[in-house]
Structure formats: structure tokens, C-alpha cells
Amino acid sequence: MKTMTMSKQYPGDKNPLIEASHSLSWVVGLMASLLLSSASLHAKELNPDISVVLDGLYVQESMALGHGGPGFVPGHNELSLGAPIDDLFIGRLTTVFDSHDGETELALEEAFLRTTGLGYGLKVKAGRFLSNIGYLNSRHTHDDSFSTRPAVYRALLGSHYYDDGVQLGVTLPTDFYWQVSAEALQGDQVSDTDDGVGLYTLSTKVGGDLSISQSWQAGLSYMKNRSPAVEEEEGEGHDHDHDHDHAGHSHGLNYYGGNMSVFDLVWKWAPRGNNRQQQIELSAEYFYVDDLNEYADDDDFHEGWYASAVWQFAPQWSAGVRYGEVDLRQPHGDHFHSQSLQETDIMVSYSHSHFSTIRLQYTHQSGDGFDDINNGIFVQYVMSLGEHGAHEF
């Protein structure tokens, strides 16, 4: 006797039990994927990227507008932490170990949060950050092509100016790059106002590609100092030598006034846009500061500029030259003393990778009104550990 096994037939030979099993597997897989993505996001939030920059210098001679030295001096050593906070904000904290007057200092350079999800090209930054004025100031000094910032930066922005406040930026929806930003800053170091906001800045940058190998950017910035701080009189800490040694780090603007205007221009060339092999970069900035104090007339202003050319002639080798001038009016009570400095820098650098650079620089100075106008050699290393973002344009 044959045993018959009966099986129900389904249209298209599709078994609903099998189909349900497949659907359940798909749902479980989707949920697992979402959980893993969520865990990855939380892991990122709880484990911020940590970066360390080791920067050291040998300075042959002490020089005008302060480079530190002579001898071995710590450079701009950084410890930085940053991570997304949620889908709307990111945060960053950067501390700097620096040397000033032979003593090691610990400074809080950045402690800000920035929006990421406002849309329409809008971003808001609040806390302590590098001001967006000029071309170099918003960049960390270890990203520079030279061992020192130009003389005009060291005089008028303390090498790089950071402050507490809020920044609003927008990238406009144009065919070319067009970015506008405005800042309201505390300005305690340079302003005597008691109203809480001492400085305002307004900046705009435009740029684009001239060809597949060429790109450019131009910028215009303005800083309004509501009430410039008054220099101490002689006998109250006045510097008789008129020489300021605040160049290694931002201890406030050494020379300032009510209005600062900056114009910058950058042009870059790389064969077919591949800057890993070769690149030429030309850059220049011009500064003008007036309304120095209540005694200043039309002839009392600060003015300075620089122009630089850097050629990356091989993937790991670069060479550059930079020339700059700064003309200053140092206040002394109800009158001013003139100071001027001309500076030529020549450098060659070797970068074994994106994370390591060794640089040799020769600097020639001439001018009037400063002590320590010298010629000198700098030997520098810059080493990055951990996360290291791409350099800005």
C-alpha cells in the first residue's frame, strides 16, 4: 500500500511560510543595521578625535617683533579634541603649550561649538575661536609654509588672534565660491569697553577655478575696535625699547586702533589639479589700521603687507620666499614714535608624510625703531599625531 504525502500547491509555487521567513529576516537585518549605525554614532560621540601637534624650533638669534630664543624654544604645541555632539552641533577644544619670556604657558586657544544642520549654507560658531579676519589668521600656525608668521601679523594680530564671542557665516548659492562672515567678540585684551562686546568683524571671500590646474581666492576683512585700549605711560610698565615679544602666540594685539582693514589674494597652480605631486602658491595680504587713539591725526596709522611664493617641486619637498614690510606708530602719551621693519624669509622643507615636516628658514631683517634687528636661521619640526584634518585653501 502506497503512502501518499499530500502537499498543498500555491500559485507560482510560493510558500507563505517561506515568504514570511524571508520578510522576518529582512526586518531583523534592517533593525540590526540601524542598531549598529546608532552604536557607531554614539561611539563617535563618546570617543572624540584627539590630535597632538609637536612643534619645536631652534632660533639662532633673537629678532625684532619676537621669535623667542636664541637657542631651542618650544613652538606652537597643541592638544585638540573634537567630535559631533549630535546631528546639529560639533564641538572642539584646543589647548596650546607655548613659551613666553622664558616660561612655558598653557593657553586655551579654542573652545567652541558649531552648527552643522541649519541648511542654506548657514553656520554659527560660539565660544572661543580664531577670528576670520585676513587669510592666515583662521588657520593654525602649524599649517603655515614658513616657521614664523609675517611681521605684519606678529605686530597687528599677535601672530594669530583668537577671542571669545559668536560668528555667523554663510556660503552663498552662487556659481563661484562666495562666503561671508560676521563676528562679535569680547575684545578684553585690546578694548577698554565695559559693554561686553569690544570688537566686530566682517569678512567676505570669493574664489573659483581658472582652469583644471588653477584656482584663486580673494578676501576683504574689516575689524571695528569700539574703544582701543590705552597704552601704559612710562613708569607704569612702559617698554622703553619699543620691542614687543608677543609674536610666538596671541597675547593680544601689540599695535591696534579703531579700524583695521585687510585685503588678501591667493593663487594656486597644480598640474591637472593634482597637488600631491607639484604645486605653486602665490599669496599676499595688505593691512591698514587707523584711529589709533584720541591724539592720532591723519598721519598716524599702521600699515603693512607681505607677499610669498611657495613651490612644492616634488611630493615631499617645498621651497619658498617671502618678503614683507610693516610701518608702525607707537603711542607715547600725546605723541607717537615711528617704527618700521622689512623682512625677507627663505625656506626649504621636507615632509615625509602629511603628518611630519622638517623646515629650514633664513630670515633677514632691516628697519628702524626696534632692538634686535638681526639675520637668523630657524630649524623647525612639526609632527602631527592622531586626527589631522585637511588644510584649508
Side-chain angles (χ1 to χ4, degrees), residues 30-31 33-53 78-96 107-143 160-186 197 199-209 215 217 219-221 223 250 264 266 275 354-355 384-393:
L30 177 61
M31 292 178 65
S33 177
L34 291 174
L35 288 173
L36 288 173
S37 299
S38 177
S40 176
L41 176 60
H42 286 296
K44 179 64 176 177
E45 292 171 352
L46 296 175
N47 294 280
D49 62 75
I50 301 175
S51 65
V52 176
V53 175
E78 291 184 1
L79 172 61
S80 185
L81 300 88
I85 298 170
D86 51 32
D87 60 334
L88 291 180
F89 302 98
I90 64 171
R92 178 157 296 276
L93 175 72
T94 303
T95 58
V96 176
L108 182 63
E109 182 176 274
E110 292 178 316
F112 66 81
L113 61 86
R114 180 170 61 80
T115 61
T116 60
L118 294 182
Y120 303 101
L122 288 169
K123 290 182 179 180
V124 177
K125 183 185 291 186
R128 176 169 295 185
F129 49 84
L130 296 168
S131 174
N132 208 27
I133 191 166
Y135 173 63
L136 289 177
N137 193 74
S138 61
R139 303 157 59 110
H140 291 274
T141 57
H142 57 78
D143 290 338
H160 61 301
Y161 186 72
Y162 60 82
D163 208 337
D164 302 321
V166 61
Q167 178 190 93
L168 173 64
V170 57
T171 301
L172 300 174
T174 54
D175 293 336
F176 56 94
Y177 174 72
W178 188 2
Q179 188 265 345
V180 178
S181 70
E183 299 170 338
L185 305 173
Q186 191 76 12
V197 179
L199 299 178
Y200 294 93
T201 75
L202 182 63
S203 304
T204 184
K205 298 182 186 300
V206 296
D209 295 327
S215 55
Q217 179 179 282
L220 184 63
S221 307
M223 176 185 284
S250 177
D264 59 85
V266 183
N275 60 5
H354 184 63
F355 299 93
S384 299
L385 293 74
E387 294 281 345
H388 186 61
H391 294 178
E392 298 180 26
F393 181 86

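Quantities reported herein were computed from a predicted structural model and do not represent experimental measurements.
Nearest heavy-atom pair across Ala111 and Leu93 is CB-CD1, 3.8 Å. Here the closest non-hydrogen pair linking Phe393 and Ser215 is CE1-OG, 3.2 Å. Phe89 and Leu113 make their closest contact through CD2-CD1, 3.8 Å (heavy atoms, listed as atom of the first residue, atom of the second, distance). Across all non-hydrogen atoms, the minimal contact from Asp87 to Thr116 is O-OG1, 3.3 Å. Residue Leu88 comes nearest to Asp86 through the heavy atom pair N-OD1, 2.8 Å, listed as atom of the first residue, atom of the second, then distance.
Panel note: side chain Ser131, backbone Ser138; no donor-acceptor pair is recorded below 3.5 Å. A donor-acceptor distance shorter than 3.5 angstrom exists from the side chain of Thr174 to the backbone of Phe176, with no hydrogens or angles considered. Here the side chain of Lys205 pairs no donor or acceptor atom with the backbone of Ser221 at under 3.5 angstrom.
Partners of Arg114 according to the salt bridge (charged side-chain N to carboxylate O under 4.0 Å, His left out) rule, which considers only residues two or more places apart in sequence or in another chain, do not exist here. Residues that satisfy the salt bridge (charged side-chain N to carboxylate O under 4.0 Å, His left out) test with Asp164, not counting sequence neighbours, are Arg128.
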Checklist entry - Could you walk me through whether Ser51 and Glu78 pass the side chain to side chain contact (heavy atoms under 4.5 Å, CB included) check? => result CA-CA 8 Å; Ser51 65; Glu78 291 184 1; 5.9 Å; no

Next on the checklist: Between Ile50 and Leu79, does the side chain to side chain contact (heavy atoms under 4.5 Å, CB included) criterion hold? Intermediate values first, please.
Outcome noted: CA-CA 8 Å; Ile50 301 175; Leu79 172 61; 4.2 Å; yes

Next on the checklist: Is there a side chain to side chain contact (heavy atoms under 4.5 Å, CB included) between Thr204 and Trp178? Walk through the geometry before answering.
Outcome noted: CA-CA 7 Å; Thr204 184; Trp178 188 2; 2.9 Å; yes

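Remark: Leu220 CG to Leu202 CG distance equals 8.5 Å, nearest 0.5 Å.
In this structure, Tyr162 and His160 have tilted ring planes: the angle between them lies in the 30° to 60° band.
Counting only heavy atoms from C-beta outward, the side chains of Phe129 and Thr94 never approach each other to under 4.5 Å. Between Gln167 and Leu130, every side-chain heavy-atom pair lies at or beyond the 4.5 Å cut-off.
Side-chain atoms of Ser203 and Asn132 include no donor-acceptor pair closer than 3.5 Å.
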